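Everything numeric here is computed off the predicted structure, so don't read it as measured data. These numbers come from the heavy atoms of this one structure, side chains and all, not from hydrogens, waters or symmetry mates. Convention: sequence-line order gives letters A, B, ...; per-chain numbering from 1.
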Protein chains: 2
Amino acid sequence: MFDVFEKYLRQWVSVSDEEMALIRAASMERKLRKWQSILHEGEVWKITCFITTGCFRLYRFSADGTDHTLRFGVENWWISDQESYNHEKPSEYNIEALTASTVIIWTKEKWEELRETIPAVKIFNEKLLARGYETSQQRIFSLISNSAEEKYLEFQKTYPKVFNSVPLHMVASYLGISRETLSRIRKDFTRRD
Amino acid sequence: MFDVFEKYLRQWVSVSDEEMALIRAASMERKLRKWQSILHEGEVWKITCFITTGCFRLYRFSADGTDHTLRFGVENWWISDQESYNHEKPSEYNIEALTASTVIIWTKEKWEELRETIPAVKIFNEKLLARGYETSQQRIFSLISNSAEEKYLEFQKTYPKVFNSVPLHMVASYLGISRETLSRIRKDFTRRD
DNA sequence: AAATGGCGTTGACATTTGTCACGCTTTTTG
DNA sequence: CAAAAAGCGTGACAAATGTCAACGCCATTT
């Protein structure tokens, strides 16, 4: 499974074989069954986690008890709670596997050590953070400027792989609309084809 | 005006007097009159920009010609288009001064040099990016989980200084609701006091 | 002092979206 | 395999929000 990650990482930065060996030695593989949680609210997120197979979602409960999907993660994505990780404070979020999944993880200690030791890891980490920020900005624009239907179509188009991997009611919760509304949008849309 | 920035920066990281002198030498001050733009869509954002006085907004037009406020900036905030800056690509956003304002700016060249030369600047920049990401995540949660009224109240409470500095119709555009809806929320709310 | 224009408000009405209830199908689980 | 649960769709209705038009206020300009 590490091979998947190795290939992915080399697309971002150039890493020598020795460095890659260090990164590998510091990593662990973990398997999760369907619905298994990898983060419960209240816990501190202390790992760096790369998804090799399967699918996850990061979600949070609001005061009325409903849950809202902040983000999905599929193969070759990272999943984390940056806020909890950075400040070592109890998370307000949950992360769960939506299917049986495999991840590669590094403890915070080891990952920080890799960042300090291997420049490419530091650079890579920065690029990743920058991209995450840009993605968030685009999503905010979509949320404040688009109708439910537009948000749905944009999501489907921008993240087809995610779209095809997750239940529709979670897509609705990701878009900030009810599952019934999503269902009707789909009906209208297919009828128009 | 640089004193304002100096005080701000020292709250984040420890900087020697020599380093601060370098940061200062690389900076420029710029004044903007009300409604003046500092970024037009199509231009590339090539500076790092700290607001010492006044107020800005970052906004974008959607296909139907309406504008949507992505972010505000007031005193002691930064304002930028990270996506344009990072990839040196034409911006899809506009940034304008909402009042007469003063900013401290560094050219991209000089700022990158400072980041490489002075570790504290690099660290500071990373912290800033991390915070921006966390803030975005919180806003996304608010947008997908709150009603118009809840979004309004949360914004008012979380960013009172911004709230008191900008026109209401821009707050509406920031929250993704119409200005009429915002107006009615306010009426309902004051009546309840 | 009058004219102007931006800003916020309001009423009437249309549209969108949410809620509740239900049923059908697929998937999961024991 | 069978029972249970999850997933998805749909109708009827309610609530939230948007749209359009008009108005008043107030700061600024002329």
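Taking the six-membered ring for Trp and thresholds of 30 and 60 degrees, B/Phe72 and B/Phe155 have ring planes inclined between 30 and 60 degrees apart.
For residues 86-98 of chain A, the set of pairs meeting the salt bridge (Lys or Arg N to Asp or Glu O under 4.0 Å) definition, not counting sequence neighbours, comprises A/Arg57-A/Glu96, A/Arg60-A/Glu92, A/Glu83-A/Lys89, A/Glu88-A/Lys108.
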Query raised in the report: Just by protein heavy atoms under 4.0 Å, how would nucleotides 11-27 of chain D read 5' to 3' in B, S and -?
Result: BB----SSBBB------
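Put simply, CG on A/Leu98 is 14 Å from P on D/dA6, counting in whole angstrom units. Atom pair B/Glu150:CD and C/dG18:P shows a separation of 13 Å (rounding to whole Å applied). In this structure, OH of B/Tyr152 is placed 11 Å from P of C/dG8, rounded to the nearest angstrom.
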Query raised in the report: Where do A/Lys110 and A/Glu113 land on the salt bridge (charged side-chain N to carboxylate O under 4.0 Å, His left out) test, with the steps shown first?
Result: CA-CA 5 Å; A/Lys110 291 200 174 173; A/Glu113 196 183 319; over 6 Å; no
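With B/Thr69 contributing its side chain and B/Ser173 its backbone, the two residues share no donor-acceptor pair below 3.5 Å. At distances below 3.5 Å, at least one donor-acceptor pair connects side-chain atoms of B/Thr135 with backbone N or O atoms of B/Arg131.
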What pairs of donor and acceptor atoms, side-chain ones from residues 37-44 of chain A against any protein atom, are under 3.5 angstrom apart with sequence neighbours left out?
residue, atom, partner, partner atom, Å
A/His40, ND1, A/Glu43, OE2, 3.4
A/Glu41, OE2, A/Asn94, ND2, 3.4
A/Glu43, OE1, A/His40, N, 3.1

For residues 2-9 of chain B, run the donor-acceptor check on the side chains, cut-off 3.5 Å, and write out each pair with its distance to 0.1 Å, sequence neighbours left out.
residue, atom, partner, partner atom, Å
B/Glu6, OE2, B/Arg10, NH2, 3.1
B/Tyr8, OH, B/Trp78, NE1, 2.9

Sequence neighbours excluded and cut-off under 3.5 Å, please list the side-chain donor-acceptor pairs for residues 157-168 of chain A, or say none.
residue, atom, partner, partner atom, Å
A/Thr158, OG1, A/Glu154, O, 2.7
A/Asn164, ND2, A/Pro160, O, 2.9
A/Ser165, OG, A/Lys161, O, 2.6

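When hydrophobic side chains of Ile, Leu, Val, Met, Phe, Trp and Tyr are connected at separations under 4.5 Å, B/Tyr59 ends up clustered with B/Phe61.
Comparing the end axes of the helix from C/dA1-D/dT30 to C/dG30-D/dC1, each fitted to five base pairs by superposing C1' atoms of four pairs onto the next four, gives an inter-axis angle of 50° (nearest 10 degrees).
Scanning for salt bridge (charged side-chain N to carboxylate O under 4.0 Å, His left out) contacts around A/Glu150 gives an empty result, with sequence neighbours left out. Scanning for side chain to side chain contact (heavy atoms under 4.5 Å, CB included) contacts around B/Ser14 gives an empty result, with sequence neighbours left out. Residues satisfying the side chain to side chain contact (heavy atoms under 4.5 Å, CB included) criterion with A/Arg179, sequence neighbours excluded, are A/His169, A/Ala172.
Within the 4.5 Å cutoff, side-chain heavy atoms of B/Trp111 are placed close to those of B/Val121.
Only A/Lys34, listed by number, bring a heavy atom of residues 30-41 of chain A to less than 4.0 angstrom from any atom of DNA chain C. Near DNA chain D, meaning a heavy atom under 4.0 Å away, the residues from residues 158-169 of chain A are A/Pro167, A/Leu168, A/His169.
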